[in-house]
Amino acid sequence: MLDYAHLSALAAVIRTGSFERAAQHLNVTSSAISQRIKLLEERLGAVLVVRGQPCTATEVGQRLCQHVEQVALLESSLHDSLPGLPAERRPVTLRIAVNADSLATWFIAAMAKTEGYLFDLVLDDEDHSAEWLRRGEVVAAVTAHSTPIQGCDCHPLGALRYIATATPEYCARWFADGFSELAAARAPCLIFNQKDRLQAEWLRQVLGTNLHPPLHWLPSSQAFVDAALGGVGWGMNPELLVIDHLRAGRLVALKADQPLDVPLFWQQSRIVSPVLGNVTRAVVHEARAMLVPGLT
């Protein structure tokens, strides 16, 4: 049998990134944390923690962390159904994968409608966040994948609408003769990271071709808006983030009648669905209130 005091020490080290912070989190000494990790590694015959700044988990260590987190969630579910059990000392931590634009627009409001949870959010592109669920590293994800992942329930949320935006001055400089293939190939464009395909997809939708414009790399939703407002380049911004700027004329849509809608879905592990019930209801309610109607 695994010693769950040792497993909790491992999970705390990986979550906080250090033995000292793990000790503070569990109200024990750093030497006690070190001893528990040492005993666990000796028992299993494997290195579980890569010591560093921060400490990280080996593959085996990561699997054990996932296990202890799932056990904590299941125990929380038992407390909900068996009120005679002793009260929980600490709120449950939910590790969830979410795309940056959802976090910047509507997901925080959903978090605020829940109580009794701590959130450990993993940021990834909506086309890639489902992989965190497949690997068992999160219990839920906001994703663009509509097909339920094995062992998960899937809830449609709506679509996050993106508008290709730039300043009037930028458009006057780069698109003086209209938005054309030649002009779009020359005009500096904003891109979030290597996984960001929104600008390329919109160009293909509007112009029917693949273009490779000059790129500014900006891995931040707010920096994307700020860069557009600063005239640095044009980019696909969530309508929810730029609607006031569009109304005030600080930004204009390159093609007002051609937004790009990205359907989003909430996928959650079925094993811990009783614990996630309130979170799922809050996420679905907030998303459907804020997003445009998508696939159902």
Side-chain angles (χ1 to χ4, degrees), residues 1-80 82-83 85-98 100 103 107-108 110-124 129 132-133 135-142 268-269 271-280 282-283:
M1 290 290 292
L2 293 171
D3 188 312
Y4 279 88
H6 296 171
L7 287 175
S8 295
L10 172 65
V13 169
I14 300 309
R15 184 174 299 282
T16 64
S18 79
F19 283 68
E20 293 75 18
R21 286 192 291 271
Q24 294 171 2
H25 179 71
L26 296 178
N27 295 317
V28 298
T29 64
S30 296
S31 61
I33 294 292
S34 297
Q35 183 67 13
R36 292 177 187 181
I37 300 298
K38 179 181 178 182
L39 290 173
L40 191 57
E41 290 181 327
E42 290 177 350
R43 171 91 183 267
L44 297 174
V47 175
L48 304 177
V49 179
V50 179
R51 277 70 170 173
Q53 298 294 331
C55 293
T56 58
T58 63
E59 183 178 354
V60 176
Q62 185 62 50
R63 289 178 62 188
L64 288 174
C65 287
Q66 294 164 15
H67 170 75
V68 73
E69 288 177 356
Q70 287 192 344
V71 169
L73 289 171
L74 292 172
E75 287 183 350
S76 176
S77 177
L78 276 178
H79 279 82
D80 291 339
L82 299 173
L85 290 176
E88 287 282 274
R89 293 182 180 179
R90 297 185 181 90
V92 174
T93 296
L94 303 178
R95 196 163 196 239
I96 296 170
V98 60
L103 186 62
F107 193 81
I108 294 293
M111 291 172 57
K113 288 181 169 61
T114 66
E115 294 183 2
Y117 305 99
L118 297 175
F119 291 87
D120 178 4
L121 299 184
V122 175
L123 286 184
D124 206 344
S129 56
W132 291 83
L133 259 179
R135 295 194 300 265
E137 295 185 38
V138 298
V139 296
V142 176
Q268 63 167 65
S269 171
I271 294 176
V272 294
S273 58
V275 182
L276 293 177
N278 291 336
V279 176
T280 293
V283 166

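Numbering starts at 1 and runs along the sequence shown. If you're wondering where the values come from, they're calculated on a predicted model, not measured in any experiment.
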Item to check | Pairs satisfying side-chain hydrogen bond (donor to acceptor under 3.5 Å, both in side chains), at least one member in residues 6-16, at least two apart | outcome: R15-E69, R15-D120

Next on the checklist: Tell me every residue that passes side-chain contact (heavy atoms from CB on, under 4.5 Å) with S34, counting only those two or more places apart in sequence or in another chain.
Outcome noted: F19

Next on the checklist: For A23 versus S30, what's the shortest heavy-atom pair and its separation?
Outcome noted: CB-N, 3.6 Å

Next on the checklist: Could you check whether any side-chain heavy atom of V122 comes within less than 4.5 Å of a side-chain heavy atom of V98, counting everything from C-beta outward?
Outcome noted: no

Item to check | Distance-minimising heavy-atom pair for S129 and A141 | outcome: O-CB, 3.9 Å

Item to check | Contacts of T29 that satisfy side-chain hydrogen bond (donor to acceptor under 3.5 Å, both in side chains) - sequence neighbours left out | outcome: S31

Checklist entry - Is D3 close to L40 at the side-chain level, that is, under 4.5 Å between some pair of heavy atoms? => result no

Next on the checklist: Let me confirm one number: the CG-CD1 distance from L64 to I14, rounded to the nearest 0.5 Å.
Outcome noted: 10.0 Å

Checklist entry - Which pairs, with at least one residue in residues 34-68 and sequence neighbours excluded, count as a ring-ring contact (aromatic ring centres under 6.0 Å, His included)? => result Y4-H67

Checklist entry - For E42, what residues pass the side-chain contact (heavy atoms from CB on, under 4.5 Å) criterion, not counting sequence neighbours? => result K38, L39

Checklist outcome for this item: Taken to the nearest 0.5 Å, the spacing of Q268 CD from L276 CG works out to 5.0 Å

Next on the checklist: So, taking the atom named CD1 in I33 and the one named CG in L26, what distance separates them when rounded to the nearest 0.5 Å?
Outcome noted: 4.5 Å

Next on the checklist: With heavy-atom distances below 4.5 Å as the criterion, would you say the side chains of L94 and T114 are in contact?
Outcome noted: no

Give every donor-acceptor pair under 3.5 Å between a side-chain atom in residues 52-63 and any protein atom, sequence neighbours left out.
unit_1	atom_1	unit_2	atom_2	d
T58	OG1	V47	O	2.7
T58	OG1	L48	O	3.4
T58	OG1	G61	N	3.1

Checklist entry - side-chain contact (heavy atoms from CB on, under 4.5 Å) between I96 and L121: does it pass, once the steps are laid out? => result CA-CA 5 Å; I96 296 170; L121 299 184; 3.9 Å; yes

Checklist entry - For R95 and E137, which heavy atoms make the closest approach, and how far apart are they? => result NH1-O, 3.2 Å

Checklist outcome for this item: Between C65 and L10 the two heavy atoms that sit nearest each other are SG-CG, 3.9 Å

Item to check | Separation of L133 CG from S269 OG (nearest 0.5 Å) | outcome: 7.5 Å

Item to check | For R36, all residues meeting salt bridge (charged side-chain N to carboxylate O under 4.0 Å, His left out), sequence neighbours excluded | outcome: none

Item to check | From F119 atom CZ to T93 atom OG1, the distance as rounded to the nearest 0.5 Å | outcome: 10.0 Å

Next on the checklist: So which atom in Y117 and which in V275 form the shortest heavy-atom distance, rounded to 0.1 Å?
Outcome noted: OH-O, 2.9 Å

